[in-house]
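Computation of the quantities below employed the complete heavy-atom set of this structure, encompassing side-chain atoms and omitting hydrogens, waters and symmetry-equivalent molecules. In the text below, chain A, chain B and the rest are named by the order of the sequence lines, each starting its count at 1. From a predicted model like this one, the values you see are computed outputs, not experimental measurements.
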Protein chains: 2
Amino acid sequence: MSKRTEKTIVDIAEELKLSVSTVSRALNNHPNISTRTKEKVKKMANKLGYRPNAMAAGLRNNKSRTIGLVVPRISMFFPATISTVIQNKLHEHGYHVLICQSNDSLEQEIALAETLYSTRIDALAVSSTLYTTDFSHFDIFKDNNIPLVFFDRVPKDYKVKVVKGDDYLGGYTVTEHLIEKGCKDIVHISGPLTCSLYTERVAGYKNALRKHKIPFKKSRIFYQELTKENALQACEKIFARPPYPDGVFAANDTTAITILEYCRKKNLRVPEDIKIVGYSNDPRAEIITPSITSVDQFPAIMGERVAKALLELLQQPGAPQRYSEELVPIQLIERASSAAPVSTSKTTVKKKAK
Amino acid sequence: MSKRTEKTIVDIAEELKLSVSTVSRALNNHPNISTRTKEKVKKMANKLGYRPNAMAAGLRNNKSRTIGLVVPRISMFFPATISTVIQNKLHEHGYHVLICQSNDSLEQEIALAETLYSTRIDALAVSSTLYTTDFSHFDIFKDNNIPLVFFDRVPKDYKVKVVKGDDYLGGYTVTEHLIEKGCKDIVHISGPLTCSLYTERVAGYKNALRKHKIPFKKSRIFYQELTKENALQACEKIFARPPYPDGVFAANDTTAITILEYCRKKNLRVPEDIKIVGYSNDPRAEIITPSITSVDQFPAIMGERVAKALLELLQQPGAPQRYSEELVPIQLIERASSAAPVSTSKTTVKKKAK
DNA sequence: GTATTTTATGCAAACGTTTGCAATTTTCGG
DNA sequence: CCGAAAATTGCAAACGTTTGCATAAAATAC
């Protein structure tokens, strides 16, 4: 085991009786260096086991070739998929990605912004906390003209590049779908309104109701963090007494699944007695019985777009960042949980096939 | 928008008519600095919007306060959970975590080792590719005494710190469980043997068979990357002609789920006709019908242990790294897919309840 | 009030690169 | 073979910190 003696370009230079600048340029394929010396240098670099010191280069160039990525958590399907794509894509272009989790804590998000700035990341992509309404902790990046892209959970009144799903359309589509399948009393379990994407889905929900002349009832909408526990609590309220709703639009699949299981326990048949639609098309939605209708948000596409946006901004340093919003399409994936027509109460009780 | 003028400690020093060294020490709470100047300095730092430059500090100190994490992919439940935990834990101690994906490509893994070394990470944790048998691309870290910890997918003959699940016990437990539930002909879908954890599970499988005097048949074991497509191909072979097996031990849950769905299509009843057990306790295993028996590997615990190991090594720089293996326990989670006793062929055909 | 210890601050080098500019060597036209 | 242009290489400063050592200031002892 050799003592920790990192080889540097000066070692190469000494060995070869060249100047460090020549060695540096040779390693970076600078056109002014003859091919002969380039070869010599690279050979020696190999021989000595030289590895460039990214910090030294970064300090000199004032760039780290690292980009930051802040997401609520990487153990959830949707952000995990996006992160994967962004990471792979940027890696192809020689960038590292520092994936950080805010754990949906505003405090942590603020701290992350600070320390990510300290590492002098070249760009930042963020999907914010559920509770972030003030985005000023990202001002440092804007002010210093560091590429900044928000995705999915994006700010409302903060001028910055944005890549998001078409949440209004999503909310509208789901609700209309349920109405078309015969639902007349649709509950919506939404995330907290501090997060703009939920307000948009709610808007879609309301507009679909209005269009189909179904009265909107405040008591039929819930705003909460979309956890299993909260979903169960909502169920307790919803099914405390009749009339039960005949449709549920859950703003994520964890909630949809929880409600489905609750209904099973209550001997409510899905979809005959009540239809359920989720959101995000989590892999679980497909395999549960009955399979759950959901909305595909195409996380891979979103990831691609974010990566592309970042790369474009990185390619044109100094160019002022313009506000722009990019919409990633959504698609309703119809499955069993919202399939059959609603049985008129107590009449046709077809035996469920499989 | 201010021009990009990063404030540095020299700016603070000039403003305060102090030397840079004093400012540096003040910001780092060096004991030799009077509290009065410390306060003054910090105040001014705030006022100027100073943010430390991690690269400069890193260059000087020869440490980056960043640790590397190499996993096959972060979009899979098990590594995602581990990564989450490691990241959060290390972050508490002021470290950044550079999460990288090898995408199960040896080539990418090698490249990652190289570039991670270039960033001068302070430590490295890796769960290797399915196909990594030669680990010499990690020698740089060993040779330079940089903390190196492997987890889950660990090397066989490479002396290094290791945190892994008890895969032998897992294989044994699952197989014995199936036998106890009445299975006499158990197929095992294993990952490729290049990955040591699968060889151990296979060993467990074989030993359980032997102990219970069930002959091992080579034709009943499959070695393949555990994807859905491969699982389907295996199914085609397995169910090409009778006799069909009465038990399947799948080395991950994706495979178990695929087989379950295949059996449903073939009108084979699970668990009456055939029992299925998966591995890793993916969230999907719980919600599918019938729910699938699986093996919990406690990813959160594994993550904790890895983080702890890294931190310990980081705390004692220079100490020679010893080889050591830490076993994380496993637990069989019994569910419906392996529950009921095997129906003797064609006799009692109880209607499956729900 | 001086000598000595303790406390607080400053100087300057170092970390490993990159790069503008100057210097040197090579090439080539005439 | 000379001079000028082109190609190659070298010098030295800079990036923003940290830190060993020296120095200055304050506190303490006598």
Side-chain angles (χ1 to χ4, degrees), chain A residues 4-42 44-45 48-66 94 115 117-122 144 317, chain B residues 4-42 44-45 48-66 94 115 117-122 144 317:
Chain A
R4 174 151 195 164
T5 52
E6 316 264 19
K7 295 296 177 186
T8 72
I9 55 172
V10 295
D11 294 321
I12 302 178
E14 280 171 3
E15 204 76 32
L16 254 39
K17 309 274 177 226
L18 282 172
S19 73
V20 277
S21 33
T22 308
V23 173
S24 170
R25 282 189 259 252
L27 290 171
N28 292 319
N29 275 319
H30 192 284
N32 282 9
I33 302 295
S34 70
T35 36
R36 227 170 58 82
T37 44
K38 275 183 192 169
E39 278 168 17
K40 252 192 341 194
V41 169
K42 285 175 185 169
M44 181 57 72
L48 295 183
Y50 165 77
R51 329 265 165 175
N53 184 321
M55 285 188 295
L59 174 60
R60 171 61 221 236
N61 297 330
N62 200 28
K63 55 186 45 153
S64 58
R65 296 206 71 79
T66 298
T115 63
Y117 187 86
S118 262
T119 70
R120 297 299 189 269
I121 49 173
D122 294 345
N144 286 297
Chain B
R4 174 150 193 164
T5 52
E6 316 265 18
K7 294 297 178 186
T8 73
I9 54 172
V10 287
D11 294 322
I12 302 178
E14 280 171 2
E15 205 75 32
L16 254 39
K17 309 277 176 224
L18 283 172
S19 73
V20 277
S21 31
T22 307
V23 173
S24 171
R25 282 189 259 251
L27 289 172
N28 292 320
N29 276 317
H30 192 284
N32 281 8
I33 302 295
S34 70
T35 37
R36 229 171 56 81
T37 46
K38 275 183 191 169
E39 277 167 18
K40 252 192 341 193
V41 168
K42 284 174 185 171
M44 180 57 72
L48 295 182
Y50 165 77
R51 329 266 165 176
N53 184 322
M55 286 188 294
L59 174 60
R60 171 60 221 238
N61 296 332
N62 201 28
K63 55 185 48 152
S64 58
R65 295 206 72 78
T66 298
T115 64
Y117 187 85
S118 261
T119 71
R120 297 300 189 269
I121 50 173
D122 293 344
N144 286 298

Which is more 5' along DNA chain D, the nucleotide nearest A:Thr22 or the one nearest A:Leu59? Just name the residue.
A:Thr22
Choose from C:dG16, D:dG10, C:dT19 the nucleotide whose nearest atom is closest to any side-chain atom of A:Asn61.
C:dT19
Interatomic distance, B:His30 NE2 vs D:dT19 C1' [rounded to whole Å]
8 Å
Nearest listed nucleotide, side chain of B:Ile33, among C:dT17, C:dT9, D:dC11
C:dT9
Could you tell me the separation between the CG atom of B:Leu16 and the P atom of C:dA8, rounded to a whole number of Å?
17 Å
Between B:Met55 and A:Thr119, the two heavy atoms sitting closest are CG-O, 4.4 Å
Using the side-chain heavy atoms of A:Arg25, tell me which of these nucleotides is nearest: D:dG10, C:dT17, D:dT17.
D:dG10
Rounded distance in Å - CD1 (A:Ile12) to P (C:dG16):
13 Å
Between C:dT17, D:dT17, C:dG10, spot the one nearest the side chain of B:Leu18, thanks.
C:dG10
Measure from CG on A:Asp11 to P on C:dC15 and round the result to the nearest Å.
11 Å
Side-chain N or O of B:Ser34 versus OP1/OP2 of C:dT7: is the shortest distance under 4.0 Å?
no
Do A:Val23 and A:Leu16 come within less than 4.5 Å of each other through their side chains, counting heavy atoms only?
no
For A:Ile33 against A:Lys38, the heavy-atom pair lying closest together:
O-CE, 3.4 Å
Side chain of B:Asn32: nearest nucleotide among C:dT17, C:dT9, D:dG10?
C:dT9
Mind calculating the distance between NZ (B:Lys7) and P (D:dT17) to the nearest angstrom?
12 Å
For residues B:Leu59 and A:Asn53, report the shortest heavy-atom separation together with the two atoms involved.
CD1-ND2, 4.3 Å
Side chain of A:Ile9 only, heavy atoms from C-beta on: which candidate in D:dT17, C:dC11, C:dT17 is closest?
C:dT17
In whole angstroms, the gap separating P of C:dT17 from CG of B:Asn53 amounts to 17 Å
Respond yes when some side-chain nitrogen or oxygen of B:Ser21 is under 4.0 Å from OP1 or OP2 of C:dA12, and no when none is.
no
Send over the distance from A:Lys63 NZ to D:dC15 C1', rounded to a whole Å.
13 Å
Look only at the side chain of A:Ser118 and the backbone of B:Ala54, and say whether a donor-acceptor pair between them is shorter than 3.5 Å.
no
What does B:Lys17 touch in the nucleic acid at a heavy-atom separation under 4.0 angstrom: a base, only the sugar-phosphate, or nothing?
sugar-phosphate
Closest to the B:Ala57 side chain, choosing from C:dA12, D:dT17, C:dT19
D:dT17
Atom CE of A:Met55 to atom P of D:dT17: distance rounded to whole Å?
14 Å
Among D:dG16, D:dT9, C:dG10, which is the nearest nucleotide to the side chain of B:Thr8?
D:dG16
